[in-house]
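What follows is a single structure, written as structure tokens, with notes after it.
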Amino acid sequence: MSLKLYNTLTRTKQEFIPLEPDNIRMYVCGPTVYDYAHIGNARPPLVFDVLFRLLRHLYGEDHVTYVRNITDVDDKINARAAQQGISIKQLTQTTTQQFHEDLAALDVLTPSREPRATDHIEGMVEMTQKLIDKGHAYEAHGHVLFDVTSDKNYGGLSNRSLDEMMAGARVEVAHYKKNPMDFVLWKPSSDDLPGWDSPWGRGRPGWHLECSVMSEKYLGETFDIHGGGLDLIFPHHENEIAQSTCAHGNKVMANYWLHNGYLQVEGEKMSKSLGNFITINELLQDWPGEVLRLAMLMTHYRKPIDWSLKTLTEAQKTLDHWYELSADVETGCLLCADVLGALEDDLNTPKAITALHELRREAAKGEKGAAACLKACARFMGLLNHSFEDWQALSSSLSKVDEQAVQQLVDARIKARGDKDWARADQIRDELVAMRIVLKDGKDPQTGDMITTWKVGR
């Protein structure tokens, strides 16, 4: 079976035909390093990690180049550093290190290249000047802006006209813009902000420009795959395409554009105002990284994820069983055709996991070959990387609870039920479930009184 990918550019699932079979090139937008990454930030690196693994399997490790950037110059970074009273360098270094640690815990492979925006300022100045020279950009009040009306193909990725984009977009209103949709390539910097010398004065690059320059540097003017979250289609990726194609005179920047869906928490959009803003680091205090990874892979990458305790619990139970069944087998097994076929079909990880469950059923019957294939295929997807003993130890270390506190909550729930305060009883039950406490209600066979026993579960 050949690899098929859903291309946002054409709105169809297409067979992947690389520009050069021995030189596969992929770029994915990386983090802006000003804060701990939330669980939604983990989805693009994890999704494209699966694709990276698959491409290396199909074309050879030495023939795939995967670039994921670090944005270390941005207004959000400047504001957060000022808020915390630390240097911008200290903030970006600390946050980048934390991002790397979080992804390592999720078994995300290191990309081939991870360029930082601040190391490529010279290239950004050069591309800006080239766009001015070709009539696609103009200088105004110390800014350099891209003239969207100069690009007849602008809007091709988001499949909207300029008027439609302007109606639905939040655009920065500025009197010096020729068109409200024109976007910044270069902006002036005050003395207290990061800045570099340029023909237009001391300043810093616009966010969209950074990715155009870094992708060209390591992958060329045109490459195979560009990926990121659905929220980046417009304006970020649309603007990247405009900059790159107009600067180089090419029809396309990348042949295949892949975008992962949004993430919700318990059915609601994640936001700090709702109190459901969860960082990867916080989740790793309670769950092994592989649980987070499997929980994400249980949903197809193009669909929205509803991040819930139920999903995490299901992922934990699944991994516990897989580890137990494959504990004493080696991984010298070819990849299961059903698993590989599912991944080649637009990274259909839910279907691949179904195939892994089929192997689990065979392994549970004592089939050592199935157990070996289960381990090999799961490892190919970034799972089952621990020994069974280490997995048990890791899971146990994250399962410690305050027994006295739990018992107090259990007793309070029994009282609430006795008082017929069902709302309070349900509230306490939800608190206990969040602590991964499994309750079992029953009656004392001698007195007939209601009793509740509990245990730590997943």
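These values consider heavy atoms only, across backbone and side chains, with no hydrogens, waters or symmetry-generated copies.
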Neighbour count above 12 (heavy atom, 6.0 Å) for E101 CD: yes

Under-4.0 Å salt bridge between R80 and D35: yes

To the nearest 0.5 Å, how far apart are CZ in R293 and CG in L46? 4.5 Å

Separation of SG atoms, C377 and C336, below 2.5 Å: no

Angle class for the Y176/H143 ring planes (parallel below 30°, perpendicular above 60°, tilted otherwise)? parallel

Does D75 pair with K187 as a salt bridge, N-O distance under 4.0 Å? yes

We want to know whether N23 and Y59 form a side-chain donor-acceptor pair, criterion being a heavy-atom distance below 3.5 angstrom. no

Indicate the ring-plane relationship of W207 and H236, choosing parallel, tilted or perpendicular according to the 30° and 60° boundaries. parallel

Determine whether the side chains of E240 and Y27 contain a donor N or O and an acceptor N or O closer than 3.5 Å. no

Compute the ring centroids of W322 and H357, then answer whether they are less than 6.0 Å apart. yes

Do D426 and R429 meet the salt-bridge criterion of a basic N to acidic O distance under 4.0 Å? yes

Regarding D320 and W391, is there a side-chain donor-to-acceptor distance under 3.5 Å anywhere? yes

I need the T95 OG1 to Q98 CD distance, nearest 0.5 Å. 8.5 Å

Do H120 and Y218 have ring centroids that are under 6.0 Å from one another? yes

